[in-house]
Structure formats: structure tokens, C-alpha cells
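Working notes, beginning with the structure itself.
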Number of protein chains: 2
Amino acid sequence: MVDEICHICNDKSTGKHYGAISCDGCKGFFRRSIRKRYHYQCRFEQNCDVTRNKRNACRACRLQKCVKAGMKSNAIQNERDAIGKRKKASATEKEDLIDQLVAAETLCQQLRSSVIKNTSSLAPYDCGKVKWNYEDARAATLDDIGKSIHQQLVLFIEWAKSLPQFSFLAQADQAALLKGGAAAMMVLGVAYRSICLKMDNTICLANDTLLSKEQAETVGDINGVVTRIISEIVNPMRRMNMDLIEYVALKAILFFNPVVREINDQNSVETARFAFLRSLQRRCTDKALENMEDEMLECRSGKLLLLLPSLQAIAQQLVEDVQLARLFGLVNVDSLMEELILNEIKPSETQVLQTSLSSPMSTIKAEVEVEE
Amino acid sequence: MVDEICHICNDKSTGKHYGAISCDGCKGFFRRSIRKRYHYQCRFEQNCDVTRNKRNACRACRLQKCVKAGMKSNAIQNERDAIGKRKKASATEKEDLIDQLVAAETLCQQLRSSVIKNTSSLAPYDCGKVKWNYEDARAATLDDIGKSIHQQLVLFIEWAKSLPQFSFLAQADQAALLKGGAAAMMVLGVAYRSICLKMDNTICLANDTLLSKEQAETVGDINGVVTRIISEIVNPMRRMNMDLIEYVALKAILFFNPVVREINDQNSVETARFAFLRSLQRRCTDKALENMEDEMLECRSGKLLLLLPSLQAIAQQLVEDVQLARLFGLVNVDSLMEELILNEIKPSETQVLQTSLSSPMSTIKAEVEVEE
DNA sequence: AGCAAGAGGTCAAAGGTCGC
DNA sequence: CGCGACCTTTGACCTCTTGC
């Protein structure tokens, strides 16, 4: 109370520091000086004024006055551990994983643009979600559904191929992951893309056509797959305001499924899955800290993961729908769909999948055209 | 007297704290770390010196050494009443949730014992898992499968009714949750029960009969549901050494599904789900801290949640199998199974479900006998 | 009643952060 | 790149509860 004045520079003090009543400025200055073992030299007569306004003019005299005022260098402790707090969290190694996924996503977005440019105009995108004001899209036809599924499958393969965790696997395991995850990955993609749509009974397919519940029911969606996608996936995603990073992480976690049918190297897949899981959890806790929504966000990663059971169930139903639709000749099932969605086994020389896996990415546009 | 030295940092100790001889610094550090559930990360090789002067340089290593020295996180008590504090006992509230679930589980185990006592001897149980040395059980017949499913369904309803979060819901929502979750809950129960079986191609049904893959295939398990349960659920559970608390929490999270078909009061269900999710995550971080398996356990709750997508898919396949089996007259489907597993809608006056929901628990034994 | 242990809590003075 | 206003963590020093 009485001693509110810094004994070094007469600024307002913030208490005792290193043995002297001082301000935060002199406190910090003294610590930095001692820590870095600075040896300053006065360019004048060693008697410079050290006051609030002039204290930065001569470091030698300021340090000297710190000592005179009673600051002890042995009160300076060793460096401590970092205390990750304020805004910009330091970029860590784990960021790399996320960055890699975002890069893979971007790549696929670009590929997609080049592939579907023949169909009308491209929808405006925002972080992989179509923009909320994009409503002039045309409604999807049965043909659009087939085409968009095919497109998503092709992009799905390219996406996977761009991930090192995937390409290190044996080709048989690569095929197993692709087959086991295709349907769910498609549903996840469609759901995320549809987050920003204004109409809450509609989803946006991969070729930017819109499919409403009602429409879907007229073209064979007897089990209400579209309805389920909206109520069980899109709406929860909306409510929790899911972002791109969370989407790509969830996608990777879903994809690297160590218990998928026919997998051999479970360990590598599991390792990859858990690495992505850790990234997601890190990112979620970081986000929670930033927004200070402590209680609400502390289990955000859990909430995200809890989208997956529904997703899995819906994907399975979708597969059954496609099987049924084919049975009734409603939909054109190409060989990629047969292999990835319907899990039909083909003689290996005719497998489109195997061809895709071993071909470089540049050929994919051609491949799409061949298929059509 | 001999032990005046802090077992963590070699500073002067002030006695035993949380199970280890330690100084006030390490005491305070440990308490703060556990209370705030900090997750530190070593920036080096996890082998930093933890001595008087360097103890603040790496919190990860310091905390690790606290645990190694014998400090127990369960010795940390709840925050005491601070006069001006507003927060109540949110810490104990979560313990209560888990306790409540364990109580519900125990209750069902007891009910089960009384219900199946007519069939041979009871298997020795350990935390809801049959003991590893229980191998003299008889193999399950087709009839056993039907009976065990029925039993599980009855117990499932009683389990749910014993949870306040469930009984506060409207009856229609109660029915929706039961219908939507029955199959998956059954699979989860069977899987957990089978964790300790020695034979890795066998599961243990609810009436303590054993069902092997091969056997299952001869009685209509064309889709390999048993194989999938083992490889996708039981084995992962084994590998991560899942315990009872994790099981009951996961079960509750699975059950309180806010996006289940026909649900009205999504919010209440979601609130319940997230409360259980928080409990699970809390418990997992606690366990990670205790065992100091930092890296491996930090995403344990995520790993547990990732059992659910497979579970959901298997449950769905199980339902289809049962439908098929009934079609071929292979299995006796009673009305409870029709309502809960096959989701068939009955005129409400004949609904067994509705009867179960409104009857007190004491009548369940009679009910089981009526059904047979 | 008294007292030693070991829980809990407090807050001055260390530390670190990061826009400028 | 250092400065310094502002925030977090530490630990010496208390109080409170429990069991003997």
C-alpha cells in the first residue's frame, strides 16, 4: 500500500520481485538479463536516469539500479516447463497428421472439380461443406445417384492412396480397408457436405445435385436411408458445429478399421487409427480451452466418435438398398460399385480396384470417362 | 527420521502425501495435476531429471515420478466447501453415475441367477465376465440360443427400468430406446461375458451355454455373426483389458441413443448419454494417470467408443439372421423378441413391452415362466 | 483432551505468454 | 527481438479432520 512505487524506475510496482519492490517491466528485464547472462555496457557516465520513460535508454544502468535496489540474481530460478495456454497453441508434431489429412481432402476436392465440371456449374464450397445459400442446384435423378456414388468411390480410392499410412500396407490389406469402409465413407462425405444446406429434408450428393427425403423414397429408398442420414448424422453434426478438421480426422479414424474383414496387418491399421484418434482428441481439448467451454467441450471427441455407430448402421442399410435396387434393375451398378459396395469377389485380372490401386493418380480422369 | 527425503525430487520431505514420502512442492503439484486432469507431454525422452532444482523443468516426468514413488490419485479427495464457491459436488456426481450403473448391473446379475437356476449349475462369474477356467459348460442348442436371447431381453428391460435417466422418460420414448438398442445391447453383453473364455472361437451365452463359430454356422449363422463378435468385439476387449466399469459405462452410452428411431425427447436422452460419456472419460484419464501409461491410455475412452460401430453393424446383421431363421422356422420367436429385436408393431393392448414397462420388477420371474 | 498425520486451502512471488 | 501487461504455477505455511 505504502510502497506502490518501483524502487528502480518509479513506475507503479506490482509487489516484491527478486528482493526489491518493482514493476513488471523491471522484473522481466532483470530475469531476462540474468538468464541470458547479458553484459551491458553504458555508453555514458554510468549514471543515466532510470525512470519510467527513460528506463529503456541504458540497459547497463537499469541493471545496475536493479541490483542496487536489492534484486538478487539467485532468486532467478531455472527455466520451467512450458504452460501451453494463450491463443496460438504451439504447433506440434501431431499437427502434421491433421495437416496431411487436410491436404488429402483438398486434393480430392480439386480432383472432384475437374471430374464433374461437365455437369452444370460447380457449387460454392466452404471447408468441404456446400455453402448455405446454394439452393439453385438441380434435384438429383436416379442417374445422378449412380454417378455420384461412382465418383465418390473413385475419389475415395485416390484419397486413400495419398495417405502414407495406407500406402505402406500390403495391397491385400489396402483392398480390405477400401471394401470395408467404402459405404460408410460415402455416407460420411455426403453428410458433411450437407451440413450448411438450408432445407432440412435434403442432402447434397457428390456431384452437387440435391436429394430430398421424398424424392429418395420414390427412387427406391424404402428404408429411409436419406431420412436417417439427415436425422442421425447431419443434424447432430450441425448441432455440434463440426468443422473440417474434425471431419477429416473422423474420416481417417473410420477408415483405418483394424477389425475390418480379411485384414492381415491389424497392428499397422490400429496404430494409424490411434494416431488419428490422438490428433482428434488433442485438437478437441485445444478447442475447448480456447473457447473456455470447459464442461461442454471436454468430451467433444467422444461426441464425434458417437456419430460412427449410426453411420455404420446407415451404410449397411444403404448397401442393402443398392443390392435391392439392382435386383429390380433400378440402378446401374458398375464394377467398382460391385467390388467396393456390394463386396463381390471378381477374378483378380478383372478387378477395377486392383487397377486403381496400382495406377498413378493422373489417370483417374480417364478412368472415370471409361466407366461411363 | 530416516526418511526426510522426498522420494520424488530429493528435497526435504514433510511426511507422507498421497502414499509417498514427499515434499510440499510435489504434494501440491500432484494434487493440482490430478484435480485439473492435466495431461502433460514430455518434450524430451521421458527421462528428465526430477531433482530439487530441475523438478519444474518437465511436468510430465515429475508426475510420472510421483506415481512411480507411490502416489495414488484416489487419495486426492473432493474439493472441500469453499465459502463463496458456487459449484456443488459435480465431482461426486460423476462417481455416483458409475456407481449407479454398477448397481444396476449387479441387480441384473442377481435376477439372472434366480431366473436361470433351473438350468444346470451357474457359471462362476468375475465382474460380469465368466471366469477363464469355466469350460465344463455344455454347448448351446438352438433352443438355448432362443432362451438366452429371451432372458437377455427381459433383463435388459429391468436394467433400463432401474435407471432414473430412463424412468423419467415418457413411455413412448422408453419403448423407442428399448427397441432401438436391444440387439446391440445383447451383443455387447455376450461379448463382455466371453472375454475370459480360454477358447478363442467361442462365446458364452446369457444362460451360460457355449456357442462356437462352427456350431453357430450349423444353426443358421450364415453371416458369421459369432465370428464377427469374437474378432471385432471380444478380441479388442481382451487386448485392451476392458473392465466392468468401462463395460457398464459403454453400455449406458450405447443405450441412451438420442437419434434412435421414433424418439421424441432427444434432449433428455442426449443429456444422459453425455453424462455417462463424461464419467467414462474421467474414469479413463484417472486410470491412465494411475498406471502412468500416458501415451497408450490417453485415448482409452476413444478406443472403447470405437467398439460401437462394429457392434452396431453386427447387431444389425444379427437381426437379419433372426428374421431369416424365423422365416425358415429354425427358431422360436416369442412376442418379446418380435417387438424388441424385429421391431414389429403390435396393437398396444397385446404389447409385452408395455406390460413389462409398467409392471414392478418382482413380477419378472413369473413373466419369464409364462413365456416359456 | 491432546496430538500427530495427512487430507485440504491460501497467496506472494516465482514462472511463462505473446501482441506490440 | 526485447518489452511488459497479463496470466499460470509453485510451494511455504496455514487449517481441518481423524484415529489413537
Side-chain angles (χ1 to χ4, degrees), chain A residues 1 3 6 8-9 11-38 40 50 52-60 62-63 66 70-91 289-290 292, chain B residues 1 3-4 6 8-36 38 40 43 50 52-60 62-63 66 70-85 87 89 91:
Chain A
M1 284 299 151
D3 258 329
C6 171
I8 290 112
C9 71
D11 197 357
K12 227 177 105 180
S13 93
T14 58
K16 216 186 230 188
H17 300 292
Y18 313 117
I21 307 285
S22 58
C23 64
D24 267 336
C26 291
K27 168 195 164 191
F29 170 76
F30 187 71
R31 180 176 56 222
R32 282 191 298 270
S33 299
I34 301 299
R35 282 262 177 77
K36 299 201 169 177
R37 296 188 166 70
Y38 281 141
Y40 309 125
V50 184
R52 166 120 176 71
N53 292 319
K54 297 184 202 157
R55 66 189 176 199
N56 285 316
C58 177
R59 290 165 165 177
R62 188 182 192 184
L63 185 56
C66 283
M71 283 195 173
K72 302 287 178 202
S73 59
N74 58 359
I76 303 284
Q77 306 174 351
N78 289 323
E79 276 192 42
R80 289 186 184 172
D81 205 355
I83 52 168
K85 226 237 31 170
R86 246 143 118 178
K87 275 187 183 174
K88 252 204 166 178
S90 54
L289 281 175
E290 258 176 54
M292 303 287 283
Chain B
M1 313 307 106
D3 258 330
E4 292 190 315
C6 170
I8 290 111
C9 70
N10 293 347
D11 197 358
K12 228 180 104 180
S13 92
T14 58
K16 211 185 231 189
H17 301 293
Y18 314 118
I21 308 282
S22 58
C23 62
D24 268 338
C26 290
K27 169 196 163 187
F29 171 76
F30 188 72
R31 184 179 53 224
R32 284 191 300 269
S33 298
I34 300 297
R35 281 262 177 77
K36 298 194 162 182
Y38 278 140
Y40 308 126
R43 292 175 297 169
V50 183
R52 167 111 178 68
N53 291 320
K54 295 183 199 159
R55 66 188 176 200
N56 284 315
C58 177
R59 283 124 101 218
R62 189 183 193 183
L63 184 58
C66 283
M71 284 193 173
K72 299 288 174 206
S73 58
N74 56 353
I76 306 281
Q77 305 174 349
N78 293 324
E79 274 183 61
R80 290 184 182 165
D81 288 339
I83 310 160
K85 284 282 180 184
K87 271 192 181 171

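Labels below follow one simple rule: chain letters A, B, ... track the order of the sequence lines, proteins then strands, and each chain is numbered from 1. It should be emphasised that the depicted structure is a prediction, and the values quoted were computed from it without experimental measurement.
- Contact check for S22(A) versus C6(A): side-chain heavy atoms found under the 4.5 Å cut-off.
- With rounding to whole Å, F30(A) atom CZ is found 10 Å from dA14(C) atom P.
- With dG8(C), dG16(C), dG4(D) as the candidates, the nucleotide lying closest to the side chain of E79(A) is dG16(C).
- For the pair D81(A) and A60(B), the tightest heavy-atom approach, listed with the atom from each and the gap, is OD2-N, 4.3 Å.
- For R35(A) and dG15(C), the shortest distance from a side-chain N or O to OP1 or OP2 is below 4.0 Å.
- Whole-Å rounding puts the M71(B) CE to dA7(C) C1' distance at 12 Å.
- If you check every strand for non-hydrogen atoms under 4.0 Å, R52(A) touches nothing.
- The residue K12(A) sits apart from the nucleic acid: no heavy atom pair falls under 4.0 Å.
- Every residue two or more places apart in sequence or in another chain that forms a salt bridge (charged side-chain N to carboxylate O under 4.0 Å, His left out) with R52(A) is listed here: D11(A).
- For the pair R80(A) and dT9(D), the criterion of a side-chain N or O lying under 4.0 Å from OP1 or OP2 is not met.
- On a pure distance criterion of 3.5 Å, a polar donor-acceptor pair joins the side chain of R32(A) and the base of dG4(D).
- Taking atom CG of N53(B) as the reference point, atom P of dG11(D) lies 11 Å away to the nearest angstrom.
- For R31(A), no side-chain nitrogen or oxygen approaches OP1 or OP2 of dA14(C) to under 4.0 Å.
- One interatomic measurement links the two molecules: OH of Y18(A) to P of dG4(D), which rounds to 14 Å at whole-angstrom precision.
- Taking CD of Q77(B) as the start and CZ of R35(B) as the end, the distance is 8.0 Å to the nearest 0.5 Å.
- With sequence neighbours left out, the side chain to side chain donor-acceptor pair (under 3.5 Å) criterion links S33(A) to Y40(A).
- Toward the 5′ end of DNA chain C lies the nearest nucleotide of G15(B), the other residue of the pair G15(B) and Q77(A) mapping further downstream.
- Rounding to the nearest 0.5 Å places CE of M71(B) at 8.0 Å from CD1 of I76(B).
- Taking the nucleotide of DNA chain C with the nearest heavy atom to each of A75(A) and A82(A), the more 5' of the two is matched to A75(A).
- No cation-pi contact links R55(A) to F29(A), judged by a cut-off of 6.0 Å to the six-membered ring centre and 45° from its axis.
- For the OP1/OP2 pair of dC3(D) and a distance below 4.0 Å, the side-chain nitrogens and oxygens of R55(A) include no atom meeting the criterion.
- Listed pair N56(B) / dG11(D) meets the phosphate criterion, a side-chain N or O lying under 4.0 Å from OP1 or OP2.
- For DNA chain C, the residues of residues 22-29 of chain B within the heavy-atom distance limit of 4.0 Å (strictly under) are K27(B), sorted by number.
- Atom CD1 in I34(A) sits about 16 Å away from atom C1' in dG15(C), given to the nearest Å.
- Protein atom NZ of K36(B) is 14 Å distant from nucleotide atom C1' of dG9(C), rounded to whole Å.
- Rounded to an integer number of Å, the gap from H17(A) NE2 to dA12(C) P is 11 Å.
- In this structure, R62(A) contributes its side chain and F30(A) its backbone to no donor-acceptor pair below 3.5 Å.
- Contact check, R59(A) against dC3(D): a side-chain N or O comes under 4.0 Å of OP1 or OP2.
- Atom P of nucleotide dT9(D) and atom CG of L63(B) are separated by 14 Å, given to the nearest angstrom.
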